[in-house]
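Each remark here refers to the structure printed beneath this line.
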Amino acid sequence: MSKVGVIMGSKSDLPVMQDAIDILKSFDINVEVDIVSAHRTPEKLFDYGKHAHTKGFSVIIAGAGGAAHLPGMIASLSPLPVIGVPIKSSNSIDGWDSILSILQMPGGVPVATVALNGAKNAGILATQIIGSSDTSVLDKILAYKEDLKQMVITSAKDLK
C-alpha cells in the first residue's frame with residue numbers, strides 16, 4: 001500500500017497541512033506526518049530526504065513558510081516526487097517569500113508547487129500521482145472528480 005510523507009517546518013504549519021492529511025486519509029492513503037525543520041534540524045532533514053524512498057513513501061508533501069527551504073532541500077536529496085506547499089506564516093511577506101522560495105527551483109531539482117496554503121490540492125496531487133500506477137486509487141480519483149462535477153451541476157440548478 002502506498003504511503004505519503006507529510007512534513008512541515010514547524011508545528012505552527014499543521015493547521016494548513018491538516019488539509020493534505022485529511023484528503024489523503026479520505027482516499028485511504030497511508031500518511032506519516034513529521035516536523036522537519038530545514039534550519040533547526042538539518043541532520044534530520046538530510047536523513048529524511050536520503051531515506052524516505054526506503055521507508056515505503058511514494059510521494060512527499062513538504063509545507064514551509066518564510067524562507068521555505070524545506071521542500072527544495074528534500075527534493076535535492078530524494079528521488080521521490082516532492083510537492084511543496086507555501087505557507088503564509090506570521091513573519092511572511094504576504095506569502096510571496098514562501099511561494100518564490102518553493103517555486104523558483106534550479107534545473108534538476110523539481111518541486112511541484114501548489115497555491116499559498118494549498119495543502120488540499122497537494123494531497124489530491126499526491127493521490128493522483130499514486131493513482132497513475134494503482135488502479136484502486138485511480139478509481140477513487142475518478143469518483144472524486146465526478147462528485148465535484150455533480151456539485152457544480154447541482155449548484156447551477158439551484159440558481160434557477
Find out whether [X] and [Y] are in side-chain contact, i.e. whether some heavy atom of one side chain is under 4.5 Å from a heavy atom of the other.
X: Val33; Y: Met17; result: no
X: Val152; Y: Lys149; result: no
X: Asp28; Y: Lys140; result: yes
X: Thr127; Y: Tyr144; result: no
X: Ile153; Y: Lys157; result: yes
X: Ser26; Y: Ile23; result: yes
X: Ile35; Y: Thr41; result: no
X: Val137; Y: Phe27; result: no

Polar side-chain atom of [X] near backbone of [Y] as donor-acceptor pair, under 3.5 Å:
X: Thr154; Y: Met151; value: no
X: Asp22; Y: Asp19; value: no
X: Ser98; Y: Ala68; value: no
X: Asp13; Y: Gly9; value: yes

Once rounded to the nearest 0.5 Å, what's the spacing between atom [atom1] of [X] and atom [atom2] of [Y]?
X: Tyr48; Y: Ile7; atom1: OH; atom2: CD1; answer: 5.0 Å
X: Leu125; Y: Asn121; atom1: CG; atom2: CG; answer: 8.0 Å
X: Lys44; Y: Asp34; atom1: NZ; atom2: CG; answer: 3.5 Å
X: Ile129; Y: Leu80; atom1: CD1; atom2: CG; answer: 10.0 Å
X: Thr135; Y: Ile141; atom1: OG1; atom2: CD1; answer: 13.0 Å

Item to complete: Locate the shortest heavy-atom distance separating Val31 from Lys25; write the atom from each residue and the value.
Response: CG2-CG, 4.2 Å
Out of curiosity, does [Y] fall in the hydrophobic cluster containing [X] (side-chain heavy atoms, cut-off under 4.5 Å, transitive links)?
X: Leu148; Y: Ile124; value: yes
X: Ile74; Y: Ile99; value: no
X: Val36; Y: Ile87; value: no
X: Val4; Y: Leu70; value: no
X: Val82; Y: Met73; value: yes

Would you give me the side-chain donor-acceptor pairs under 3.5 Å for residues 101-120, sequence neighbours excluded?
| residue | atom | partner | partner atom | Å |
| --- | --- | --- | --- | --- |
| Ser101 | OG | Ala67 | O | 2.7 |
| Ser101 | OG | Asp97 | O | 2.8 |
| Thr113 | OG1 | Val111 | O | 3.2 |
| Asn117 | OD1 | Lys88 | N | 3.1 |

Please list every donor-acceptor pair under 3.5 Å in which a side-chain atom of residues 54-64 meets a protein atom from a residue at least two apart or in another chain.
| residue | atom | partner | partner atom | Å |
| --- | --- | --- | --- | --- |
| Thr54 | OG1 | His51 | O | 2.6 |

